[in-house]
*Asks:* 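One structure coming up, written as structure tokens, with questions to follow.
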Amino acid sequence: WSAKGALQDLEGQWTEKSKAGEQVYTIADGQIKTPGASPTEISAASDGSFAAKLSGTQHKGSLKNGELQWEGDDGDATTWIRWSAKGALQDLEGQWTEKSKAGEQVYTIADGQIKTPGASPTEISA
């Protein structure tokens, strides 16, 4: 068992399962990084659990079925799932139109771009 190896299994982007995509957390180099906030240290224990201070409260986490389940000292519990901006964009792929002008202008979302006839594609990101 290696704490470093256990933490490497968590590396990547995560989001709260109940609010997918609203807040994205990046776990890398033994830290949880959130836009607009200072990085938070995360540690691994030999029993397979993880510890971190989230929103000012100490939490214990465990990886179960690919989900990171957190329980705080205050009884607060939350579940994080892996986040993929590419996956989020794939959910948007297809043809779209404005509700108030249905069918007048058709926009196509594909390959991370909004494409409109007669215009240059516009890059989008999640």
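Scope of the values below: all heavy atoms of this structure, side chains included, with no hydrogens, waters or symmetry mates.
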*Asks:* For I32 and T26, what are the C-alpha separation, side-chain angles and deciding distance, and is it a side-chain contact (heavy atoms from CB on, under 4.5 Å)?
*Replies:* CA-CA 6 Å; I32 299 172; T26 301; over 6 Å; no
*Asks:* Please give me the minimum heavy-atom distance between Q113 and P121, naming the atom from each residue.
*Replies:*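 Answer, listing the atom of Q113 first, then P121: OE1-CB, 3.5 Å.
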*Asks:* Is the number of heavy atoms from other residues, nucleotides or ligands under 6.0 Å of K115 NZ greater than 12?
*Replies:*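 Enclosed: over 12 neighbouring heavy atoms sit under 6.0 Å from NZ of K115.
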*Asks:* Give, for atom CG of L63 and atom OG of S49, the distance between the pair rounded to the nearest 0.5 Å.
*Replies:*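 If we round to the nearest 0.5 Å, L63:CG and S49:OG are 11.5 Å apart.
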*Asks:* Working to the nearest 0.5 angstrom, can you tell me the gap between D73 CG and K53 NZ?
*Replies:*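 The distance works out to 9.5 Å.
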*Asks:* Is there a side-chain contact (heavy atoms from CB on, under 4.5 Å) between K60 and E71 once you walk through the steps?
*Replies:* CA-CA 5 Å; K60 184 175 181 178; E71 187 170 335; 5.5 Å; no
*Asks:* Pairs under 3.5 angstrom only: tabulate donor-acceptor contacts from the side chains of residues 94-105 to other protein residues two or more places apart or in another chain.
*Replies:*
unit_1	atom_1	unit_2	atom_2	d
W96	NE1	L92	O	2.8
T97	OG1	G103	N	2.9
T97	OG1	Q105	O	2.9
E98	OE2	Y107	OH	3.0

*Asks:* When rounded to the nearest 0.5 angstrom, what is the spacing between OG in S62 and CG in D47?
*Replies:*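 Between atom OG of S62 and atom CG of D47 there are 9.0 Å.
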*Asks:* Taking all non-hydrogen atoms of both residues, which atom of L7 and which atom of G30 are closest, and how far apart?
*Replies:*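 Minimum heavy-atom contact is CD1-CA, 4.2 Å.
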*Asks:* Please check this pair: side chain of N65 against backbone of E67, looking for a donor-acceptor N/O pair closer than 3.5 Å.
*Replies:*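 It does not hold such a pair.
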*Asks:* Take I27 and W80, measure what side-chain contact (heavy atoms from CB on, under 4.5 Å) needs, and give me the verdict at the end.
*Replies:* CA-CA 12 Å; I27 299 178; W80 290 4; 4.3 Å; yes
*Asks:* Walk me through whether F50 and L68 qualify under side-chain contact (heavy atoms from CB on, under 4.5 Å).
*Replies:* CA-CA 9 Å; F50 303 94; L68 187 49; 4.3 Å; yes
*Asks:* With a 4.5 Å heavy-atom cut-off, do T122 and T116 have their side chains touching?
*Replies:*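 Sidechains of T116 and T122: no contact.
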